Structure formats: structure tokens, C-alpha cells
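Only a predicted model underlies this, so the values are computations on that prediction, with no experimental measurement involved. Values reported hereafter were calculated over all heavy atoms of this structure, with side chains retained and with hydrogens, waters and symmetry mates removed.
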Amino acid sequence: DLGPDWEVSLNGFGQHNEARDGQYTNVELRDLQREAQVGQPFRGRIYGGSITVRGALGALELTSTTGVVDHALRTAFDSSILVSTLPPRGRSVRPGGMGGPRGPGSMGSGMSNGGPGRGMRPPPMGPGPQQIFRETREIRLISHETRVSGGDPDGVSGLIGVSALRNRDRLQQVVVNFNTDTAPPPFANLTYRLDEIALFGEGSFAFSPQWRITGGARLLYTSASSE
């Protein structure tokens, strides 16, 4: 029992989303159909909570709050088009297009005599190489603040406190080709780190019922890195 002058508050939230395929819709396709060669699943979650303790220390008031957030996001996109448009091994790309001899109407810009821009369209997907781009991001954040305040509202009052923050942000981007055993290196595999601690204070002096002078200061230390 903390007594009548103390109270504890707990708060929490959470959300989880998951789709086995398709973040976007195409009105030109029937239900449960897709143009992509591979599935494009999506998964996201975010959970968090906080605890706050508030109470009296004689003539002063103490408030202490700690919060935690856990956030993860996983997405996948079909990147088969990047390998489907490559020429077969051993064939070079000629100015007229993606391999093959130049015929009438073929131009270096990729246009055909069927109209401007039509020759630049990618070939139909159909059976062929299957490749997927996957991105994973995970964020974990912890923050805390404790402050003591008090004084005479009609005279001298103020507060003093300390706060801290710790954040870890991990990002990974990879490409997976389902037709080969050799995987390329990750596009990105980084972890961002952020740590902060701060001391702060504020003071106020009311020298008349209509006038008050207030001043404050904050000393902050920050450490940021990535690897």
C-alpha cells in the first residue's frame, strides 16, 4: 500500500497485422488472382506499455514514468521482373532491345513501329526466374523520466528531473532467387543505436500577481552509431 498520496498507472497497447499475399489490389483481376510470380506477404506488429508512479514527498511531488515499445515490420515484393528482362546467358544486348537482331522499326530507344513506348514494356512474366525482395525492420525503444516539482505558485516554484532513452533499430534487406542456390549479399544489414540521458530543471518567480519570470536549462548527452 503506497498510501493515499501515491498512485500507480499502467497503460498498454498492441496491434498485429498479417497478410499472406498482396498488399495492393488490382481492379483488373478477378478475386484471389495476382500477376506476381511469387507471394508478397506482409506482417507488422507493435506493442507497448508504460508505468507511471506519482506521489508526494513532503511539500514536493514526484512523477516517474517508464515506457517500452516493440515494433517489427516484414515485407516482401516480387522482383522477378529484374531477372526476367535480362538476356539469356551468352547473348549480348543489342541497341534494338533486349537481345536478338534488330528488325524494322527497332530503335536504340526501345520504341517499335507499334507506337511510342510500346517497345519499352517488359516481356510477359509467365514461367521463368522467380526472385523476391525481403525487408525486415525491428525497433525496440525504452524511455524513462523522473522529475520532482513543487514550491509556491504565488512565489518561487520549479522542478528538476532526469530522463533517459535507449533505441535499437535493425534493418535488413535481402534478395532471394528461388532458381539458384547462390544468394547475393544483403542490400542492407544495419543496426542503428541511439542512447540519450538528460538533466533538466526549471524555476519560476512570481514578483506580482500579473508578472512572472521563468527560466530553465537542459543538459543532454547523446550517443548515436550504426554498424
Side-chain angles (χ1 to χ4, degrees), residues 1-27 31-32 34 36 38-57 60-79 132-150 157-176 186-202 214 216-227:
D1 186 7
L2 296 177
D5 296 331
W6 290 84
E7 65 177 25
V8 178
S9 300
L10 297 174
N11 295 283
F13 64 89
Q15 178 176 288
H16 183 91
N17 297 319
E18 184 172 356
R20 289 183 295 176
D21 186 18
Q23 302 184 57
Y24 309 100
T25 58
N26 189 340
V27 296
D31 292 343
L32 302 180
R34 69 170 185 233
V38 295
Q40 302 179 103
F42 167 84
R43 178 181 297 176
R45 75 166 193 270
I46 181 169
Y47 301 108
S50 66
I51 179 172
T52 300
V53 179
R54 182 180 292 107
L57 296 175
L60 303 177
E61 180 181 358
L62 180 140
T63 303
S64 181
T65 302
T66 300
V68 178
V69 174
D70 180 19
H71 179 41
L73 184 66
R74 294 177 175 87
T75 57
F77 298 96
D78 179 22
S79 59
I132 195 167
F133 173 82
R134 290 175 177 166
E135 181 179 79
T136 301
R137 189 165 190 178
E138 298 175 344
I139 300 174
R140 291 178 175 85
L141 172 67
I142 301 175
S143 62
H144 175 81
E145 180 180 298
T146 296
R147 66 179 183 268
V148 177
S149 60
S157 61
L159 65 86
I160 187 171
V162 59
S163 65
L165 181 144
R166 183 180 188 269
N167 185 58
R168 296 295 182 267
D169 186 351
R170 182 174 179 268
L171 174 66
Q172 185 180 60
Q173 295 176 336
V174 297
V175 171
V176 178
F187 283 172
N189 191 10
L190 299 171
T191 299
Y192 300 96
R193 295 180 171 87
L194 176 64
D195 298 286
E196 290 185 354
I197 186 169
L199 299 174
F200 58 90
E202 180 183 286
T214 301
R218 181 181 179 90
L219 178 63
L220 175 67
Y221 169 80
T222 300
S223 174
S225 63
S226 63
E227 63 178 18

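Ile132 approaches Phe77 most closely through the heavy-atom pair CG1-O, 3.3 Å. Shortest non-hydrogen contact noted between Leu60 and Gly150 is CD2-CA, 3.9 Å. Heavy-atom minimum distance, His16 versus Arg45: ND1-CB, 3.7 Å.
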**Request:** Dump the intermediate steps for side chain to side chain contact (heavy atoms under 4.5 Å, CB included) on Val175 and Arg134, then the final yes or no.
**Result:** CA-CA 6 Å; Val175 171; Arg134 290 175 177 166; over 6 Å; no
**Request:** Kindly determine whether Ile139 and Val69 satisfy side chain to side chain contact (heavy atoms under 4.5 Å, CB included), including the steps that lead there.
**Result:** CA-CA 8 Å; Ile139 300 174; Val69 174; over 6 Å; no
**Request:** Apply side chain to side chain contact (heavy atoms under 4.5 Å, CB included) to Leu62 and Trp6, showing your working.
**Result:** CA-CA 9 Å; Leu62 180 140; Trp6 290 84; 4.3 Å; yes
**Prompt:** Please walk me through it: do Phe42 and Leu73 pass side chain to side chain contact (heavy atoms under 4.5 Å, CB included)?
**Reply:** CA-CA 8 Å; Phe42 167 84; Leu73 184 66; 3.3 Å; yes
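Atom OG1 of Thr75 is separated from atom CD of Gln173 by 8.5 Å, given to the nearest 0.5 angstrom. A distance of 8.0 Å separates CG of Leu10 from OG of Ser50, quoted to the nearest 0.5 Å. Taken from CZ in Arg218 to CG in Leu199, the straight-line distance is 9.0 Å, to the nearest 0.5 Å. For the atom pair OG of Ser64 and CZ of Arg147, the computed distance is 9.5 Å after rounding to the nearest 0.5 Å. To the nearest 0.5 angstrom, Gln40 atom CD is 9.5 Å from Ser79 atom OG. Rounded to the nearest 0.5 angstrom, Glu196 CD and Asn167 CG are separated by 9.5 Å.
Within 6.0 Å of CD1 on Ile160 lie no more than 12 heavy atoms contributed by other residues, nucleotides or ligands. Within a 6.0 Å sphere centred on OH of Tyr221, other residues, nucleotides and ligands contribute 12 heavy atoms or fewer.
The only option from Thr146, Thr52, Ile51, Val53 that meets the side chain to side chain contact (heavy atoms under 4.5 Å, CB included) definition with Thr66 turns out to be Ile51. The side-chain hydrogen bond (donor to acceptor under 3.5 Å, both in side chains) with Arg74 is formed by just one residue from the set Glu135, Glu18, Glu138; it is Glu138. For the side chain to side chain contact (heavy atoms under 4.5 Å, CB included) criterion with Thr222, the lone passing option out of Asp195, Ile197, Leu194 is Leu194.
His144 contributes a side-chain N or O that, together with a main-chain N or O of Thr65, makes up a donor-acceptor pair within less than 3.5 Å.
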